[in-house]
Amino acid sequence: MCSIRELHLDDLYKFNALVFDPYTEVYNLSFFLRHFAQWPELALASISPAGALAGFIFGKCLDSGPGHQQLHGHVCVLTVHGEYRRLGLASQLMKSFDALLELRQAWYMDLFLRCSNRAAYKLYCSLGYVLRRVLLEYYPGDAMEDAFDMRKPLSRDKQRQ
């Protein structure tokens with residue numbers, strides 16, 4: 001059984017096997033450092049019984065809405081090592097991130113994912129996310145790919161707007 005803890009700065013040097021996975025968006029180190037510096041409590045790691053990094057999530061919490069009074073969370077990166085997939089680690093990381101946003105009294109969480117990533121789409125739907133819109137040609141590359149913009153209301157949003 002893996003455990004969830006806050007991501008440590010030195011974990012950034014241990015996750016090459018995770019970020020070079022074909023299902024994970026690759027960002028440069030400055031992206032991770034910037035997010036880690038701004039929202040360190042919203043970066044979580046899943047650690048295997050052997051002490052290896054099995055997965056991680058990076059998120060952020062932003063103001064939105066009229067008068068910037070409506071907090072929301074955004075999942076920037078979620079990945080699980082191939083050897084640990086289909087064990088519920090992604091769900092655990094998402095639920096832990098969800099709990100952190102509930103403590104901040106955020107209204108909702110959102111994320112983007114490749115339209116071709118059907119396994120991730122099923123996972124997010126099972127966690128209560130709904131498809132909000134499709135972002136055309138969101139992911140650059142050889143074949144421009146569209147993205148799903150998905151959103152999940154949190155408990156503060158009583159009317160599920």
Side-chain angles (χ1 to χ4, degrees), residues 1-12 14-15 18-19 21 23-25 27 30-49 51-81 84-115 117-135 138-139 147-161:
M1 183 63 155
C2 293
S3 61
I4 305 285
R5 65 159 168 78
E6 283 188 3
L7 194 78
H8 301 153
L9 189 57
D10 65 338
D11 289 328
L12 296 177
K14 300 174 187 173
F15 66 24
L18 296 164
V19 296
D21 178 87
Y23 295 108
T24 303
E25 292 308 312
Y27 298 99
S30 65
F31 167 87
F32 290 107
L33 290 173
R34 183 176 60 248
H35 278 75
F36 192 73
Q38 213 166 351
W39 300 281
E41 70 285 0
L42 298 179
L44 302 171
S46 178
I47 306 300
S48 75
L53 190 62
F56 64 86
I57 187 169
F58 267 83
K60 58 186 174 181
C61 192
L62 305 165
D63 290 332
S64 64
H68 299 288
Q69 296 177 0
Q70 194 177 59
L71 285 175
H72 78 278
H74 179 76
V75 177
C76 302
V77 181
L78 168 69
T79 191
V80 173
H81 192 285
Y84 296 96
R85 290 204 179 114
R86 308 232 183 262
L87 299 175
L89 295 184
S91 294
Q92 282 183 322
L93 287 164
M94 289 296 289
K95 289 174 184 176
S96 296
F97 184 70
D98 185 318
L100 291 171
L101 291 172
E102 289 284 3
L103 289 172
R104 290 176 167 233
Q105 297 186 331
W107 285 79
Y108 64 90
M109 295 170 46
D110 66 4
L111 56 86
F112 304 135
L113 74 141
R114 290 180 180 273
C115 292
N117 193 343
R118 304 310 290 174
Y121 181 78
K122 287 180 185 179
L123 167 71
Y124 297 131
C125 287
S126 75
L127 293 172
Y129 283 80
V130 295
L131 179 61
R132 186 166 170 250
R133 62 186 169 163
V134 175
L135 304 170
Y138 183 79
Y139 294 101
F148 290 140
D149 176 1
M150 300 189 76
R151 184 178 283 191
K152 175 185 176 182
L154 296 174
S155 65
R156 183 160 188 202
D157 184 3
K158 303 282 187 226
Q159 297 177 345
R160 299 294 190 225
Q161 298 177 6

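Ser3 has its side chain out of reach of Ser46: every pair of non-hydrogen atoms, C-beta onward, lies at least 4.5 Å apart. Side chains of Ile57 and Leu42 form no contact here, defined as non-hydrogen atoms less than 4.5 Å apart. Annotation: side chain of Val77 is in contact with side chain of Phe32 (closest heavy-atom distance under 4.5 Å). At least one side-chain heavy atom of Glu102 sits under 4.5 Å from a side-chain heavy atom of Ser155. In this structure, the side chains of Val134 and Phe148 come closer than 4.5 Å at one or more pairs of heavy atoms. The shortest distance between side-chain heavy atoms of Arg118 and Leu113 does not fall below 4.5 Å. Asp11 places a side-chain heavy atom less than 4.5 Å from the side chain of Arg5. Side-chain contact between Met150 and Leu127: absent, with no pair of heavy atoms (C-beta onward) separated by less than 4.5 Å.
Distance check, rounded to the nearest 0.5 Å: CD of Glu6 to CG of Leu100 gives 8.0 Å. In this structure, CG on Leu131 lies 11.5 Å from CZ on Arg151, to the nearest 0.5 angstrom. To the nearest 0.5 Å, the span separating CG on Leu93 from CZ on Phe56 amounts to 10.0 Å. Within the model, atoms CZ of Arg86 and CG of Leu123 stand 9.5 Å from one another, a figure rounded to the nearest 0.5 Å. The CZ atom of Phe112 sits 9.5 Å away from atom SG of Cys76, with the distance rounded to the nearest 0.5 Å. Summarising the geometry, atom CG belonging to Leu71 is positioned 8.5 Å from atom CG belonging to Leu62; distances are rounded to the nearest 0.5 Å.
Between Lys152 and Gly128 the shortest heavy-atom distance is CG-O, 3.8 Å. Of all heavy-atom pairs spanning Pro40 and Ala37, the tightest one is CD-O, 3.8 Å. The shortest heavy-atom contact between Ser48 and Ala54 is N-CB, 4.3 Å. Here the closest heavy-atom approach between residue Leu78 and residue Ala90 is recorded as CD2-CB, 4.1 Å. The minimum heavy-atom distance linking Leu44 with Ser96 is given by the pair CD1-CB, 3.6 Å. Here the shortest heavy-atom pairing between Met109 and Phe97 reads CE-CD2, 3.5 Å.
Ring-plane geometry between Tyr108 and His72 is classed as parallel, the angle between the planes falling under 30 degrees on a 0 to 90 degree scale with a further cut at 60. The aromatic rings of Trp39 and His35 sit tilted relative to each other, their planes meeting at an angle between 30° and 60°. Taking the six-membered ring where the residue is Trp, Tyr84 and His81 present perpendicular rings, their angle passing 60° and hence far from 30°.
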task: Carefully, step by step, assess Leu89 and Ile4 under the rule side-chain contact (heavy atoms from CB on, under 4.5 Å).
output: CA-CA 9 Å; Leu89 295 184; Ile4 305 285; 5.7 Å; no

